[in-house]
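Basis for what follows: all heavy atoms, side chains included, without hydrogens, waters or symmetry-related copies. Predicted, not measured: the structure shown is a model, and the values here were computed from it. So you know, we letter chains A, B, ... as the sequences are listed, proteins then strands, and number each from 1.
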Amino acid sequence: MKTYNAPKGTRDIAGEEAARFSRVSRIFEESARLYGYGLINTPIFEDTALFERTIGGASDIVQKQMYTFLDKADRSLTLRPEGTAPVARAAIAGGLLRPLPCRLYYSGAMFRYEKPQKDRKRQFFQVGAEYFGDKSAFADLEVISLCSTVLKKLGLDCELKLNSIGCSKCRSGYEKKLTAFAEKKIDGLCDDCGERLRVNPLRILDCKVESCKKILAEAPDVSEALCPECADNFGQIKQGLRDRKIRFNEDVKLVRGLDYYNGCVFEFYAQGARDAVAAGGRYDGLVKLLGGEDVPAAGFAIGVDRVMPLIDFSADKPDYMLVSAGAPMDALAAFADEIRDAGKVCVISSKPKLKNALKEASAASFRFALIMGEDEIKNMTVSVRDMEKGEQKTLSRKEFLERL
RNA sequence: GUGACUAUGGUGUAAUGGCAGCACUAGAGAUUGUGGUUCUCUCAGCGCGGGUUCGACUCCCGUUAGUCACCCCA
């Protein structure tokens, strides 16, 4: 019989992984809620143009990583490769940006057509938060704090890398300077950098080739090219982080791959992890670009798949397995419901023989087996067997339920 | 997208080109209502397609999938 695997670059998440997954989502959602963020669910696919315009036509994502298809009416649709543009789009469309500020969080699958490898699947999961309507450092600080809090609650010790790539004004000035610098040294730079210089000069700062790194070490700094406003804003963010005791390292070479970013950008690196587990920044131009008013914004996303294997996790053992020793199933079912009403996990073993039922309970690591047989039915009792200690005692069902 | 490596029951692993074994798991059982230790039995496999050969799990080519690096990114 032919069987089917999950499609290339996707995977099934079950068992312990699933438990990790929901733990990460739960902790994120809890924190976002406590910060006053509201959940927003956007479609899994959008008009292709939404991503082409916002992410940047020159970016790798748009150039070769989008899952784009035509629907039956020849509309060009794309499986979302990231969450920010859809959230911005939805916030505009849904009139959510009227009383500003507006705080939203999301959680879900994203898609990028890449060659799968460690920590890089074609379908991956992100949780993220977006803050609309505040131009000041306050917003940057809030989203960085939220992100940092979540990672901390997950037990991760992360390094925060921080940079400012400036507003549209100082950025274009800087890009000119950088381009001029790089063109002089073009012979020493790799081919990719030549290409980057043409399409998105900032990205050459990100080059991993040693010879390029050496040359670019002398490149002009963004920090020196910032306009007074941007420099002041960035200074406030850094001071705010110090006040909040959030450690960070300024990295003047940090740029982001998506075109809509400006101002402060950041990435969180977990210990030992090569890639960022979370990243974000400010994107003041995005809402306007999508036809909304001129609403400044900042946000971040956490890579759930990347965080999952890093968290310290031990699965909870299920509580009770009800096993029959000749008791009718009806009696078991009613009692099981009473236990569930008390909020405890209770599973009824389908094995008719006590021996096999106990075997099942121990194989599935239940903490207790609840034995019900003729004696227990007659006396309204239950025999509670501790599967680890091997101790067993019989008590009245009423007493048992009270102790839950 | 480029490059390298890998592919055998559900899992982990063997077999100079000559009958595919082993361990774990799972299922059934070892006289009455007591499991996680023992014993017996059972189920289950060469990713797919070509080629070389008397004969291919083994060699060659292709393909698919996985892993790793590059690229890029959460």
Side-chain angles (χ1 to χ4, degrees), chain A residues 1-11 24 28 55-56 58-66 80-84 107-128 147 151 158 190-193 195-196 200 203 206-209 255-258 266-270 273-281 299-308 310 321 323-327 349 351-377 383-392 394:
Chain A
M1 184 61 190
K2 178 179 161 59
T3 60
Y4 295 91
N5 293 326
K8 189 180 176 85
T10 68
R11 67 199 179 115
V24 173
F28 169 75
I55 296 172
S59 69
D60 264 45
I61 294 179
V62 170
Q63 294 248 296
K64 43 194 187 190
Q65 298 181 347
M66 295 214 301
R80 61 183 182 197
E82 60 100 32
T84 299
S107 158
M110 307 293 161
F111 304 84
R112 287 181 203 172
Y113 196 94
E114 301 183 86
K115 189 149 182 173
Q117 57 181 264
K118 195 176 188 67
D119 291 336
R120 255 183 49 189
K121 297 282 180 273
R122 289 181 173 180
Q123 172 179 303
F124 57 101
F125 295 87
Q126 286 188 344
V127 293
C147 188
L151 295 171
C158 289
C190 68
D191 294 348
D192 285 335
C193 280
E195 179 65 13
R196 289 188 188 108
N200 188 352
R203 294 219 59 86
D206 215 21
C207 189
K208 307 288 189 298
V209 178
V255 293
R256 314 270 10 265
L258 289 68
F266 58 90
E267 292 181 347
F268 283 87
Y269 286 80
R274 178 75 191 126
D275 296 304
V277 294
F300 69 88
I302 298 176
V304 176
D305 312 70
R306 287 184 177 177
V307 162
M308 277 201 305
L310 303 174
M321 174 155 269
V323 303
S324 166
S349 170
K351 304 262 190 307
K353 285 193 177 176
L354 178 60
K355 189 173 209 160
N356 291 335
L358 283 173
K359 211 181 246 183
E360 182 185 354
S362 94
S365 352
F366 279 82
R367 285 172 52 207
F368 299 97
L370 303 177
I371 303 166
M372 297 252 285
E374 281 172 27
D375 293 347
E376 286 85 355
I377 291 292
S383 295
V384 182
R385 184 173 181 79
D386 185 319
M387 298 303 280
E388 269 160 37
K389 294 178 190 158
E391 290 167 4
Q392 181 172 330
T394 303

* **Spacing of Leu370(A) atom CG relative to rU34(B) atom C1', expressed in whole Å** => 14 Å

* To do: Name the residue closer to the 5' end of RNA chain B, choosing between Glu374(A) and Gln65(A) according to the nucleotide with the nearest heavy atom.
  => Glu374(A)

* Looking only at side-chain N and O atoms, does Lys118(A) come under 4.0 Å of OP1 or OP2 in rC68(B)? -> yes

* Could one point to a donor on the side chain of Arg120(A) or the base of rC71(B) with an acceptor on the other under 3.5 Å away? -> yes

* **Any side-chain heavy-atom pair of Ile61(A) and Met66(A) under 4.5 Å** => yes

* To do: Grab the CE-C1' distance between Met308(A) and rA74(B) for me, whole Å please.
  => 12 Å

* Could you summarise the pairing of RNA chain B as dot-bracket text, marking Watson-Crick and G-U pairs under 3.5 Å with ( ) or [ ] inside the strand and | across strands? => (((((((..((((....[..)))).(((((.......)))))....(((((..]....))))))))))))....

* Which whole-number value in Å describes the distance from Gln117(A) CD to rA65(B) P? -> 16 Å

* Asked: From the list rA74(B), rG1(B), rG66(B), which nucleotide is the closest neighbour of the side chain of Lys8(A)?
  -> rG66(B)

* To do: Compare the minimum distances between each of rU34(B), rA74(B), rC71(B) and the side chain of Gln392(A), then state the nucleotide with the smallest one.
  => rU34(B)

* **Euclidean distance for P, rU2(B) against rG62(B) (whole angstrom)** => 14 Å

* Under-4.0 Å side-chain N/O to phosphate OP1/OP2 contact, Asn356(A) with rG29(B) -> yes

* **Euclidean distance for C1', rU32(B) against rG27(B) (whole angstrom)** => 24 Å

* Asked: Do Phe111(A) and Pro81(A) come within less than 4.5 Å of each other through their side chains, counting heavy atoms only?
  -> no

* Which nucleotide, rG66(B), rG3(B), rG33(B), lies nearest any side-chain atom of Lys115(A)? -> rG3(B)

* Whole-Å C1' distance, rA20(B) and rG45(B) -> 9 Å

* Asked: Counting only heavy atoms not in Arg120(A), do more than 12 fall under 6.0 Å of its CZ?
  -> yes

* Can you find a heavy atom in the side chain of Met321(A) that is under 4.5 Å from one in the side chain of Leu370(A)? -> no

* Asked: Looking only at atom types and distance, does a side-chain atom of Glu114(A) sit under 3.5 Å from a main-chain N or O of Pro116(A), one as donor and one as acceptor?
  -> no

* To do: Write down the distance separating the P atoms in rA65(B) and rG36(B), rounded off to the nearest Å.
  => 44 Å

* Asked: For the pair made of CZ in Arg11(A) and C1' in rU67(B), what is the distance, rounded to whole Å?
  -> 15 Å

* Asked: Any side-chain heavy atom of Glu360(A) within less than 4.5 Å of one from Val323(A)?
  -> no

* Asked: Distance-only, no hydrogens or angles: does the Arg306(A) side chain make a donor-acceptor pair with backbone N or O of Ala276(A) under 3.5 Å?
  -> yes

* Asp60(A) near the nucleic acid: base, sugar-phosphate alone, or nothing, with a heavy-atom cut-off under 4.0 Å? -> sugar-phosphate

* Touch class at under 4.0 angstrom, heavy-atom based, for Glu82(A) against every strand present -> nothing

* To do: Could you state the atom-to-atom distance from CD of Glu114(A) to C1' of rG1(B) in whole Å?
  => 11 Å

* **Within 45° cone of Tyr113(A) ring axis and under 6.0 Å: Arg122(A) NZ or CZ** => yes

* Asked: Nearest-Å distance, CG (Asp119(A)) to P (rU67(B))?
  -> 10 Å

* How long is the line joining CZ of Arg112(A) and P of rC71(B), in whole Å? -> 17 Å

* Asked: If you measure from the C1' atom in rC43(B) to the same atom in rA28(B), how many Å do you get, rounded?
  -> 10 Å

* Asked: How would you label the contact of Gly83(A) with the nucleic acid (heavy atoms, under 4.0 Å): base, sugar-phosphate, or nothing?
  -> nothing

* Asked: Rounding to the closest angstrom, what is the interatomic distance between rG49(B) and rU25(B) at atom C1'?
  -> 33 Å

* For nucleotides rG47(B) and rU13(B), find the distance between their P atoms and express it as a whole number of Å. => 15 Å

* Asked: Under 4.0 angstrom, heavy atoms only, what part of the nucleic acid is Leu258(A) near: base, sugar-phosphate, or nothing?
  -> sugar-phosphate

* Mark up nucleotides 35-48 of chain B, 5' to 3', with B wherever a protein heavy atom is under 4.0 angstrom from a base atom, S wherever such an atom reaches only the sugar-phosphate, and - elsewhere. => BB------------

* Indicate whether OP1 or OP2 belonging to rG33(B) is found under 4.0 Å from a side-chain N or O atom of Lys353(A). => no

* Check: Asp305(A) side chain, Phe125(A) main-chain N or O, donor-acceptor pair, under 3.5 Å -> yes

* Between rU67(B) and Lys121(A), is there an OP1 or OP2 to side-chain N/O distance shorter than 4.0 Å? -> yes

* **Pairing of Asp275(A) and Lys118(A) as salt bridge, 4.0 angstrom limit** => no

* Structure fact -> Between Gly280(A) and Gly9(A), the residue closer to the 5' end of RNA chain B by nearest nucleotide is Gly9(A)

* Pair Glu82(A) + Arg112(A), salt bridge at N-O below 4.0 Å -> no

* Residue pair Ser383(A) / Gln392(A), side-chain heavy-atom distance below 4.5 Å -> yes

* Asked: What integer number of Å spans the C1' atoms of rC22(B) and rA30(B)?
  -> 25 Å

* Asked: Nearest-Å distance, CD1 (Ile377(A)) to C1' (rG33(B))?
  -> 13 Å

